[in-house]
Protein chains: 2
Amino acid sequence: MELDDRKKKILLAIIKTYLETGEPVGSRTISKIEGLSLSSATIRNEMADLVDMGYILQPHTSAGRIPSDKGYRFYVDQLMAEKEQEIEERERETDEMKGLLIEKADKMERLLKQVARSLSVNTNYAAMISAPRYNVNRLKFIQLSRMEERRIVAVIVVEGNMIKNQIIDIDEPIDDETLLKLNMLLNTTLNGMAIEDISLSIIAKMKRQAGDQAGIIAEVIDAVAESIKADEELEIYTSGANNIFKYPELADNQKASEIITAFEEKKQLTDLVYETLSHSDEKGIQVYIGEESPVENMKDCSVVTATYELDEGIHGTIGIIGPKRMNYDKVLSTIKKLTTELDTMFKKTQT
Amino acid sequence: MELDDRKKKILLAIIKTYLETGEPVGSRTISKIEGLSLSSATIRNEMADLVDMGYILQPHTSAGRIPSDKGYRFYVDQLMAEKEQEIEERERETDEMKGLLIEKADKMERLLKQVARSLSVNTNYAAMISAPRYNVNRLKFIQLSRMEERRIVAVIVVEGNMIKNQIIDIDEPIDDETLLKLNMLLNTTLNGMAIEDISLSIIAKMKRQAGDQAGIIAEVIDAVAESIKADEELEIYTSGANNIFKYPELADNQKASEIITAFEEKKQLTDLVYETLSHSDEKGIQVYIGEESPVENMKDCSVVTATYELDEGIHGTIGIIGPKRMNYDKVLSTIKKLTTELDTMFKKTQT
DNA sequence: GTTAGCACTCAACTCATTAGAGTGCTAACA
DNA sequence: TGTTAGCACTCTAATGAGTTGAGTGCTAAC
């Protein structure tokens, strides 16, 4: 069977109505509302076909129809195509871009929290945002300073001005000269290198170059190397998890508990972020409907994610989690608006 | 009316039974179970008195009784007194202390997460732990290094080896000599000082001592001072928020939403921590029952908090949030066990 | 291909009934 | 005077019958 034009129209009408009301949609409702002007009987026939084709479902024999995952997928694809056009058209009217009220915050952390909050408040769904991540982490600066007699503090700055610290306890005191030499050695060897490229052989080479006090120096180099390699946990900020209680289909104990767990433990959100980043080449925004979700605990939700770019090669992810019966239209434009806002904000003011 | 011995016994019996079953307790149940050997009629009379005195409640005329906040309070006080004794007795048998399986983690953050997790898994309630906080923050070490021509990175170490970083952009280049002087100046002036004691006059004095290049130096000093003063947000780790869904009295949308919000936004948990720390002089563990809770969103829960000591003057808070019908006995001993475990762990291995 | 019409289905609601747990009170007892 | 047996009473929760109404599927006519 084929999804002809009339079927499409009816399907979209069903989904839109369902999104508004949250109740199964009957044939009469459609026959009245539509510009199609078909009788309810005709609609019924078409609906039966749509059920066969898997676009809609019947909770029970005498109820109306609700969209299936496949139905939502059709709707969302349709919507995304429309958006695409719209965006292109609106490209010129650059104003009205600041509806979301994000104040430039001094601290990245605060900014991200604010963004998450703004998202959840504006959409009434749960929201998350991951701190920006560098595709390639290049070392920019390393500095060792003696803090106490047998304690060194290492400061490691990577591109994008992310700073790592490490306190190193050493077995025997180190003299100023050695420390200076060590600083030189580390900086000349490692600066500009991508963290991924720092291999054991490079570390070994440095140790060899160290010469006489090889003992302490090796110790320190190892500690620094370890600290550099230790990858930070991906920081994720969430907001509005409680919004899920607004949607009865998610608010029963079982499901709510799963979603809340995902939000609290962050592990699953981290997976979601990586999934999104790995697809980010395609098109900015991704929509996962129900079973499509890469995250187990969100199989009953829809998840909308997008990548924002802070600078060349520095990306983060934002996400909205809500019921399948989500206002996709609004969510898509909110996310779109937000990512552009973030992009332009960062392009202007690098911190 | 007075709470005589028999009333006490009956009250405790009611509460214990209720904690086990979660159902209103009737007079017959008590008359059968007890060693008191009183008829249900007598129990009924006593129960009526207990209702008058506010220790128990009747959900409706023909139902059994459930404890009121006041009743729980009585029970908990009783229990705490017992515990006190037990602890003193057990002081000698030092073994069996390691039931909770906390592995010494390299990173404080990981350790804390683990503790929270352990708590929530062991008790089946929601758990939180705050990162240790220093009552007095003494500066230990300050180091400025030039990273790029007009960019300095400041490393500030406070007692307990907490490290703050700050990147400072300066208007004009700074030469090595000035930088060295500045480092000396900052360290000699500020080292050992409590952050709270760093006043504007001290900052002004440093600026005066700076001499010639007052411009840049003032700039840097201000940035450092600001960074020192900027107080970190209190870090709080939570685990097992989803446990609340196991208790029907907390699992309805309204209440669950409130509790989840408190856990997500952390603000209220922060308040809870400060509240606890401010009372920590009294006795280790505090129990807030229902309305007693310092946190608005937890008026339907019981909250058990305790302070752990990492070192002289360095405290953190752990907390358990569950239904009023909580297994106080278990929670109290779990927390007790955990705090001692943490205390001894830190006493041994300072990081 | 479309539509009117009708019999049928099913969830959701209402209402009455019942069962059972538990109470409060009274009168008798030790 | 405190304790107890006994009984009438109360109230929730569970059950089941009956009703309503939205919506379907199918057939026959247009």
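Numbers restart at 1 for each chain; the letters A, B, ... are given by sequence-line order, proteins then strands. Worth saying up front: this structure is predicted, and the values here are computed from it rather than measured.
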If I take atom CG in residue B/Leu50 and atom P in nucleotide C/dG24, what distance separates them, rounded to the nearest angstrom? 12 Å

Could you list, one pair per line, each protein nitrogen or oxygen that sits under 3.5 Å from a nitrogen or oxygen of nucleotides 26-28 of chain C, together with the distance?
none

Please encode protein proximity along nucleotides 7-14 of chain D as a string of B, S and -, counting only heavy-atom distances under 4.0 Å. ---BBS--

A/Glu46 CD to D/dC26 C1', straight-line distance once rounded to whole Å: 16 Å

Stems with DNA chain D, 3 or more Watson-Crick or G-U pairs in a row (under 3.5 Å), are C:1-30 with D:1-30

Rounded to whole Å, please give me the gap between CD1 in B/Ile30 and C1' in C/dG22. 13 Å

Would a distance-only check, ignoring hydrogens and angles, find a side-chain to backbone donor-acceptor pair under 3.5 Å from A/Ser120 to A/Arg117? yes

Whole angstrom is fine here: how far is it from CD1 in A/Ile56 over to P in D/dT24? 9 Å

To the nearest angstrom, the CD1-P distance between B/Ile66 and C/dT23 comes to 13 Å

Below 4.0 Å: OP1/OP2 of C/dG22 and any side-chain N or O of B/Arg65: no

Side chains of B/Pro294 and B/Leu272: does their closest heavy-atom pair fall under 4.5 Å? yes

So side chain to side chain donor-acceptor pair (under 3.5 Å) across residues 49-58 of chain B, not counting sequence neighbours, yields B/Lys7-B/Asp49

Side chain to side chain donor-acceptor pair (under 3.5 Å) assessment of B/Ser27 paired with B/Ser40: CA-CA 5 Å; B/Ser27 53; B/Ser40 64; 4.6 Å; no

From the list D/dA5, D/dT24, C/dA4, which nucleotide is the closest neighbour of the side chain of A/Met47? D/dT24

So, does B/Thr29 use its side chain to make a donor-acceptor pair with the main chain of B/Val25 at under 3.5 Å? no

Should B/Thr238 and A/Glu265 count as side-chain neighbours, where that means a heavy-atom distance under 4.5 Å? no

Using only side-chain N and O atoms of B/Ser27, determine if any of them is under 4.0 Å from OP1 or OP2 of C/dT23. yes

Once you apply a heavy-atom cut-off of 4.0 Å, does B/Ala63 come out as touching a base, just sugar-phosphate, or nothing? sugar-phosphate

Any side-chain heavy atom of B/Tyr328 sitting closer than 4.5 Å to one from B/Ile289? yes

Any residue meeting ring-ring contact (aromatic ring centres under 6.0 Å, His included) with B/Tyr125, in chain and number order, not counting sequence neighbours: B/Tyr247

Compile the donor-acceptor pairs under 3.5 Å between side chains in residues 252-260 of chain B and protein atoms, sequence neighbours left out, one pair per line.
from, atom 1, to, atom 2, distance (Å)
B/Gln254, NE2, B/Glu258, OE2, 2.7

Which nucleotide sits closest to the side chain of B/Ala41: D/dT4, C/dT3, D/dG25? D/dT4

Any side-chain N or O of A/Arg28 less than 4.0 Å from the OP1 or OP2 oxygen of C/dT3? no

Distance in angstrom units between B/Tyr18 OH and C/dG22 C1', rounded: 16 Å

Testing the 3.5 Å rule here: is there a donor-acceptor pair between the side chains of B/Glu20 and B/Tyr18? no

To the nearest angstrom, the CG-P distance between B/Asp52 and C/dT23 comes to 14 Å

Paired with A/Glu292, the salt bridge (charged side-chain N to carboxylate O under 4.0 Å, His left out) test is passed by just one of A/Lys324, A/Lys70, A/Lys299, A/Arg73, namely A/Arg73

Residues B/Ala262 and B/Leu269: closest non-hydrogen pair is O-CG, 3.8 Å

Can you tell me the distance, in whole Å, between the CG atom of B/Leu38 and the P atom of D/dT1? 19 Å

